[in-house]
Each structure stands twice: as structure tokens, then as C-alpha cells.
Amino acid sequence: MYEFDSSKTDSAGHSGSEYRYSGPFYQDSYRTGSSGRTAGDVQPKKKKSFFRLLGKAACVGLVFGIIASAAFQFTNYAGRQMFGEDVTALKQEESPVIPEIESVIPQTGEGSSLMNSGSGDVTSIVEKCMPSLVAITNVSVREVQNFWGFGWYNMPQQREQTSTGTGIIIGQNETELLIVTNNHVIAGATNLTVLFSVDEGKDGADAVEARIKGTDVTKDVGVIAVSLKDIPAETMAEIKTATIGDSSKLKVGEQVVAIGNALGYGQSVTTGIISALGREVTLQNDDGTLINNTLIQTDAAINPGNSGGALLNMQGQVIGINEAKYSSSNVEGVGYAIPISDVESLIGDLKTMTTRSEVDADKMGYLGINCQDVTEEISKQYDMPVGIYLKSVVKGCAADKAGLKKGDILTRFDGVAVSSYDSLRERLQYYEAGETVEVTVQTPDDDGYVEKTVRVTLNSREEIDAASE
């Protein structure tokens with residue numbers, strides 16, 4: 001669980017308070033054993049006369065050809081009599097058609113009147129919107145400290161870990177179904193799967209593989225993609241695309257509905273109101289970097305696993321992406337969601353990015369930089385942009401050839417915001433040496449910093465090591 005201790009005692013005198021991401025919900029996963037098959041002994045075939053075998057083959061082929069030709073002609077004749085068309089021509093004209101999934105139709109009426117009309121409206125919203133939700137499972141490898149060993153036994157150990165979160169179906173292209181979630185739900189994934197809410201509880205319903213399309217760590221938003229060919233036809237017929245609302249028009253006191261994969265048990269529903277708008281909240285990523293976001297506050301229960309799920313208005317429109325809760329023994333009913341209108345254009349950009357899979361470690365690309373993180377604290381103290389400060393560049397390698405130099409602050413890699421070296425390295429895991437990508441840096445000048453974007457061709461680890469010697 002990602003968490004951040006805001007203070008030992010807050011301004012209200014509450015102790016032990018902390019902001020916590022509402023997901024992912026971690027579950028330990030230990031995979032052991034292996035499978036394999038052993039081939040049995042192959043019995044030698046008896047030898048036969050070549051000419052005798054050839055004669056039999058010719059006879060069989062002749063008979064088969066006569067029968068097949070007759071069947072072909074009869075099929076065409078029957079087809080022309082019934083449909084007036086050549087059946088073979090119909091088959092040639094057939095092509096696979098990708099179905100366009102339906103969108104959630106917003107309920108009519110004002111939110112206030114719907115709120116006063118009872119729980120039946122919540123039921124209706126859930127029925128309409130649930131098909132646009134998915135449960136996300138992230139299998140990653142994380143380092144854990146071994147406190148019981150001595151010497152090298154006390155070194156950090158790598159362990160496979162499973163976490164769960166939620167996603168919202170936001171559209172499709174020619175080959176993929178697109179789903180938005182939180183970046184921290186999918187960060188570090190070595191294996192990512194999605195279970196559609198319409199398939200929950202069905203016998204034999206399996207999760208399908210998903211891949212990361214694009215992420216933005218500074219906004220804690222990510223888009224993943226599922227290949228349409230991997231989705232069963234009956235599932236495609238039931239799922240829906242969420243309808244996006246306008247979070248800029250929200251008012252304190254409006255009723256909302258939150259849906260998410262709470263605790264990894266499957267989709268669940270909570271209700272509440274908008275408690276406050278424009279809340280400044282600081283959260284901590286798994287790599288230690290901080291995120292300062294302006295969020296919607298709600299008293300609808302937001303629990304571990306809810307991250308990436310939908311916060312809906314009473315018309316069934318998504319007005320927020322559930323992100324975090326305020327956890328304290330003295331505090332209840334304080335959850336947070338990312339206002340959808342604040343990230344709608346960002347989501348549009350992420351949807352168009354190239355879908356990538358993690359590359360083999362020996363093929364991974366590198367920039368050739370020696371760097372240091374510019375955290376929020378350092379940024380405020382020294383008036384520097386948040387990002388990755390280049391302490392030096394390896395001569396003759398990727399960054400140097402692209403014109404990057406000491407003092408530059410790297411802020412975006414291939415269109416995705418990066419605020420720490422860990423977040424940059426996480427992105428590099430999807431790029432091979434030899435690929436050319438755009439890198440954005442803030443370059444110091446007399447008036448502060450000037451942004452520039454350059455194209456960089458990544459080096460291999462071996463090339464970086466050789467140039468560094």
C-alpha cells in the first residue's frame with residue numbers, strides 16, 4: 001500500500017494521520033512449481049513398396065477430386081437458387097467486423113431532484129454504469145528487506161507481489177479496448193490482467209491480458225489497452241464505454257456514487273456527497289516522490305482497491321477517478337478523487353500513445369546520464385522545476401549527442417511526465433536500445449529555465465559502459 005505520513009499531528013490536533021492511496025490492494029503471491037511433458041517412445045513405421053503406395057495415392061486423389069468437384073458445383077447451384085448469388089463470391093466478400101461497444105446513457109433530470117427521489121436512482125445508475133468498470137490485477141517484482149539474515153543474507157530480496165485496483169472503460173480503437181486508471185495501480189507491472197465486471201461470477205470467466213499505453217506520474221493517471229481479439233464476443237456485447245461528465249460544474253453537497261474493486265473482492269458500490277472541492281493533497285509514490293494534486297473530497301467510502309474506479313454524479317457520468325483516502329483512527333469518511341475535467345485532455349493524449357510491453361533487460365535502452373532528483377522540497381527551496389537534474393552526461397552517448405548537458409532538468413520522456421530517476425527507469429523498461437524518442441528538458445538561462453524538446457536515440461548498457469571507461 002502506498003502511503004504518506006502528512007505529520008504526526010495535523011493542524012486539528014489529530015494524531016497518526018496519513019493520506020493513503022486507495023489502491024492498489026496488495027496480496028502476496030508465491031508461484032512455485034513447473035510443468036513439462038515427456039514424449040513417449042516413437043514406434044518405427046513399417047516400410048512399404050514405393051510404387052504400390054504411389055498407385056494407392058493416385059486412386060484416392062482421383063476419387064476425392066471427383067467428389068469435391070461435385071459438392072462444389074452443387075453448393076453453388078443451391079446458393080444461386082436460394083439467394084440468386086454465387087456462394088463462393090459471398091465468402092470472398094466476408095470480412096471480420098469489430099463491434100462498437102455502447103456508451104452509458106446519462107440519466108435525465110437535475111442531480112438534486114434525483115437525490116431526493118430515493119435509492120432507486122442509485123440502483124439505476126449502478127445497473128447502467130457497472131458494465132464500464134473493470135478489476136485490474138498487477139503482478140510486480142519488489143525488493144523487500146530480509147531482517148533475519150546476516151551479511152549477504154541481509155541484502156534486499158526480490159519478491160513477486162500481487163496488487164489489485166480498478167479501471168474505467170473509456171473507448172476503443174481499431175484493435176484495442178482502452179481503460180483509464182491510476183498510474184500507481186499499474187506501476188512496475190510485469191504482468192497486467194483485467195477482469196470485466198460483466199464477467200464477475202460467471203463460470204469459466206477469465207481475466208484477459210492488458211498492456212500499458214501511457215502514464216503520467218505527476219497526475220497519477222494511466223491508460224491501458226486490451227486487445228479486442230482477446231475479449232469474448234459475449235463480453236463485448238455487454239460491456240459499455242463510460243460517459244464523461246464535467247467536474248468543473250460540481251457543487252458541494254451533490255450526491256455521488258463510487259464504484260471500485262474494493263479489497264480485491266470485486267466491484268462494490270458506496271454512496272455519499274461532495275464534501276469539498278479543490279482540496280490540495282500530497283501523496284507519495286512507491287519510489288518516494290511526492291505528488292501534489294487538487295482533488296475532489298467525498299464522504300463516499302474509498303477503500304484499498306478502489307483506486308482507478310469511477311466517482312459518478314447522479315446522471316451516471318464519471319466526474320472523478322477515485323484515488324486516495326485519509327486514514328486515521330480519528331478520521332472517517334474522507335476520500336479523494338481526481339477531477340475528470342482536469343485530466344481529460346491528458347487522457348486523450350495517453351490514448352494515442354503506442355502500446356508497449358516490457359523489453360528484455362539486455363535490450364533495454366539508456367540515455368547515458370548521471371542524475372539527481374529535484375523533489376518538491378528542493379524545487380521550492382531553490383526555485384527549480386521538479387524533475388531529473390543532469391549532474392553529467394556520458395560523452396558520445398545518447399544524451400550528449402542530442403545536445404543535453406549538465407544543469408538541464410529532464411521533465412518528460414516520450415511525452416510522459418517523469419519526476420524522478422525511478423519513474424524514468426520505469427519508462428525505459430519499455431524501450432529498446434536504438435529507438436529514437438522525444439525528451440523534454442528545462443534548460444537554465446538568465447531568466448530562469450527555458451523548455452526544449454530534443455530527439456534522442458537510446459544506447460545499450462554495453463555502449464554506455466564502454467564510453468564511460
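Every value quoted in this text rests on a predicted model; they were computed, and no experiment measured them.
Scanning both residues, Leu133 and Gly309, for their nearest heavy atoms gives CD1-CA, 4.3 Å. Across all their heavy atoms, Ala300 and Ala258 have their closest contact at CB-CB, 4.2 Å. For the residue pair Ala399 and Val456, the shortest heavy atom distance occurs at N-CG1, 4.3 Å. Ile274 and Ile296 make their closest contact through CD1-CG2, 3.6 Å (heavy atoms, listed as atom of the first residue, atom of the second, distance). Heavy-atom minimum distance, Ile212 versus Ile186: CD1-O, 3.8 Å. Between Ile125 and Asn313, the closest heavy-atom pair is CD1-O, 3.9 Å.
Here Asp199 contributes atom CG and Thr235 contributes atom OG1; the two are 3.5 Å apart, rounded to the nearest 0.5 Å. Atom SG of Cys129 is separated from atom CD1 of Ile169 by 11.5 Å, given to the nearest 0.5 angstrom. Residue Leu367 holds its CG atom at 5.5 Å from CG of Leu424, rounded to the nearest 0.5 Å. In this structure, CD in Glu358 is found 11.5 Å from CG in Leu192, a value given to the nearest 0.5 Å. Note: Ile170 CD1 to Ile179 CD1 = 8.5 Å, rounded to the nearest 0.5 Å. Between atom OG1 of residue Thr137 and atom CG of residue Asn191 there is a gap of 9.0 Å, rounded to the nearest 0.5 Å.
Partners of Arg279 under the side chain to side chain contact (heavy atoms under 4.5 Å, CB included) rule, at least two apart in sequence or in another chain, are Ala276, Val281, Gln297, Tyr336. The salt bridge (charged side-chain N to carboxylate O under 4.0 Å, His left out) search around Lys213 returns Glu176, not counting sequence neighbours. Listed by chain and residue number, Asn292 satisfy the side-chain hydrogen bond (donor to acceptor under 3.5 Å, both in side chains) test with Glu376 (two or more places apart in sequence, or in another chain). Checked against side-chain hydrogen bond (donor to acceptor under 3.5 Å, both in side chains), Thr215 has no partners two or more places apart in sequence or in another chain. Listed by chain and number, the residues in a side chain to side chain contact (heavy atoms under 4.5 Å, CB included) with Ala207 are Thr193, Leu195 (sequence neighbours excluded). Shown here are the side-chain hydrogen bond (donor to acceptor under 3.5 Å, both in side chains) partners of Arg461, two or more places apart in sequence or in another chain: Asp465. Evaluation of the side-chain hydrogen bond (donor to acceptor under 3.5 Å, both in side chains) rule for Ser379 yields no partner, not counting sequence neighbours. With sequence neighbours left out, the side chain to side chain contact (heavy atoms under 4.5 Å, CB included) criterion links Ser392 to Asn370. With sequence neighbours left out, the side chain to side chain contact (heavy atoms under 4.5 Å, CB included) criterion links Asp362 to Asp360.
Panel note: side chain Asn459, backbone Gly434; no donor-acceptor pair is recorded below 3.5 Å. With hydrogens and angles disregarded, a donor-acceptor distance shorter than 3.5 Å links the side chain of Asn138 to the backbone of Ala187. Between the side chain of Asn183 and the main chain of Gly222, no donor-acceptor pair closer than 3.5 Å is present. The backbone N or O of Gly396 sits less than 3.5 Å from a side-chain atom of Asp400, completing a donor-acceptor pair. A side-chain donor-acceptor contact under 3.5 Å links Asn182 to the backbone of Gly308. With hydrogens and angles ignored, the 3.5 Å screen pairs a side-chain donor or acceptor of Gln267 with a backbone N or O of Val134. In this structure a side-chain-to-backbone donor-acceptor pair under 3.5 Å is missing from Asn293 to Leu295. In this structure a side-chain-to-backbone donor-acceptor pair under 3.5 Å is missing from Glu200 to Ser197. Under a 3.5 Å cut-off, the side chain of Ser468 and the backbone N or O of Ile464 do form a donor-acceptor pair. Under the 3.5 Å distance criterion, the side-chain polar atoms of Thr166 are matched with a main-chain donor or acceptor of Asn261.
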Practice prompt. Check the pair Asp414 / Tyr431 against side chain to side chain donor-acceptor pair (under 3.5 Å), numbers first and verdict last.
Written response: CA-CA 10 Å; Asp414 197 20; Tyr431 294 79; 2.4 Å; yes

Worksheet entry | Test log, rule side chain to side chain donor-acceptor pair (under 3.5 Å), inputs Gln317 and Thr243 | CA-CA 5 Å; Gln317 299 169 321; Thr243 299; over 6 Å; no

Practice prompt. Show your working on side chain to side chain contact (heavy atoms under 4.5 Å, CB included) between Leu390 and Leu404 and close with a plain yes or no.
Written response: CA-CA 8 Å; Leu390 305 190; Leu404 303 186; 4.0 Å; yes

Discussion item. Would Asp373 and Thr375 count as a side chain to side chain donor-acceptor pair (under 3.5 Å) here? Give the steps.
Written reply: CA-CA 6 Å; Asp373 294 347; Thr375 63; over 6 Å; no

Discussion item. Side chain to side chain contact (heavy atoms under 4.5 Å, CB included) for Tyr382 and Val374? Distances and angles first, verdict last.
Written reply: CA-CA 10 Å; Tyr382 295 99; Val374 180; over 6 Å; no

Discussion item. Applying side chain to side chain contact (heavy atoms under 4.5 Å, CB included) to Thr181 and Ile168, what does each step give before you reach the verdict?
Written reply: CA-CA 7 Å; Thr181 184; Ile168 309 166; over 6 Å; no

Worksheet item: Can Thr355 and Arg211 be said to form a side chain to side chain donor-acceptor pair (under 3.5 Å), step by step?
Response: CA-CA 7 Å; Thr355 307; Arg211 294 193 295 166; 5.2 Å; no

Item to complete: Go through the steps to decide whether Leu283 and His184 satisfy the test side chain to side chain contact (heavy atoms under 4.5 Å, CB included), and finish with yes or no.
Response: CA-CA 11 Å; Leu283 297 164; His184 75 262; over 6 Å; no

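Residue pairs satisfying the side chain to side chain donor-acceptor pair (under 3.5 Å) criterion with at least one member in residues 337-349, sequence neighbours excluded, are listed as follows: Asp246-Ser341, Ser247-Ser341. Annotation: side chain to side chain donor-acceptor pair (under 3.5 Å) contacts involving residues 432-452, sequence neighbours excluded, comprise Arg356-Glu435, Asp408-Thr443, Thr436-Thr457, Thr440-Thr453, Gln442-Glu451. Note on residues 222-245: pairs passing salt bridge (charged side-chain N to carboxylate O under 4.0 Å, His left out), not counting sequence neighbours, are Lys202-Glu238.
In this structure the side chain of Lys219 reaches within 4.5 angstrom of the side chain of Leu346, judged on heavy atoms. Residues Ile224 and Val194 are in side-chain contact: their nearest non-hydrogen atoms beyond the backbone lie under 4.5 Å apart. At a threshold of 4.5 Å between non-hydrogen side-chain atoms, the residues Ile231 and Phe196 count as touching. The closest side-chain heavy-atom distance from Met353 to Val416 is below 4.5 Å.
Side-chain atoms of Asp422 and Ser420 form no donor-acceptor pair, as typed in the model, at a separation below 3.5 Å. Side-chain contact, Thr294 with Glu280: a donor N or O sits under 3.5 Å from an acceptor N or O.
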